[in-house]
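Remarks on the structure that follows.
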Amino acid sequence: MGLTSNKVLAVTVLCAVVMFTVTIWLWPRLARQNWKTVLGRLGLLLATQLLVFAAVGLATNKSFLFFGSWTDLFGQEQGVGVVVDHSAGLGSGIQEILAPVHPAS
């Protein structure tokens with residue numbers, strides 16, 4: 001399951017929705033005013049927010065491709081990336097960008 005795959009995004013969104021539902025379902029049970037229930041409410045809110053932000057982050061990364069893989073995300077990528085120019089009308093962008101630059105004489 002790659003970082004930009006639909007499966008990872010779908011599982012994260014599904015987990016966020018389930019966590020939100022669990023939070024709503026458990027909230028009345030955690031309405032007492034002791035330290036255990038306050039920690040329970042805090043934990044539910046943090047877990048829900050974490051999953052929602054993860055889903056938004058994965059969707060954003062899927063659209064804009066900030067990171068192409070898990071190794072790229074965690075900084076373990078050893079290879080050099082390739083820059084590709086996708087703008088129209090410039091011909092073959094990768095050749096123009098990677099063409100050798102000759103020093104001025």
query: Under the side-chain contact (heavy atoms from CB on, under 4.5 Å) criterion, do Leu30 and Lys36 qualify, and how do the steps go?
result: CA-CA 8 Å; Leu30 296 173; Lys36 290 180 184 177; over 6 Å; no

Thr37 side-chain N/O to Arg32 backbone N/O, donor-acceptor pair under 3.5 Å: yes

message: Parallel, tilted or perpendicular, judged at 30° and 60°: which one describes the rings of Phe64 and Phe66?
response: tilted

message: Can you give me the closest heavy-atom contact between Leu9 and Ala59, atom names plus distance?
response: CD1-N, 3.7 Å

query: Taking all non-hydrogen atoms of both residues, which atom of Ser69 and which atom of Glu77 are closest, and how far apart?
result: OG-OE1, 3.7 Å

- prompt: Looking at Leu65 and Gly68, what are the two nearest heavy atoms and their distance?
  reply: CD1-CA, 4.0 Å

message: Please give me the minimum heavy-atom distance between Met1 and Trp70, naming the atom from each residue.
response: O-NE1, 3.1 Å

- request: State, to 0.1 Å, how close Gly2 and Val8 come at their nearest heavy-atom pair, and which atoms those are.
  value: O-CG2, 3.2 Å

- request: Evaluate side-chain contact (heavy atoms from CB on, under 4.5 Å) for Gln78 paired with Thr71, printing each intermediate quantity in order.
  value: CA-CA 9 Å; Gln78 297 297 322; Thr71 56; over 6 Å; no

hydrophobic_cluster_shared for Leu26 and Val18, side chain cutoff 4.5 Å: yes

- request: Applying side-chain contact (heavy atoms from CB on, under 4.5 Å), run through Lys62 and Leu58 and close with a yes or a no.
  value: CA-CA 6 Å; Lys62 184 171 174 48; Leu58 284 170; over 6 Å; no

- prompt: Shared ILVMFWY cluster between Leu46 and Leu44, side chains joined below 4.5 angstrom?
  reply: no

Met19 CE to Ile24 CD1 distance, which is reported to the nearest 0.5 Å: 11.0 Å

query: Short question: side chain of Ser63, backbone of Thr60 - any donor-acceptor pair under 3.5 Å?
result: no

query: Could you state the interatomic distance from CZ (Phe20) to CG (Leu45), rounded to the nearest 0.5 Å?
result: 10.5 Å

task: Hey, could you give me the CG/OG1 distance between Leu73 and Thr4, rounded to the nearest 0.5 Å?
output: 11.5 Å

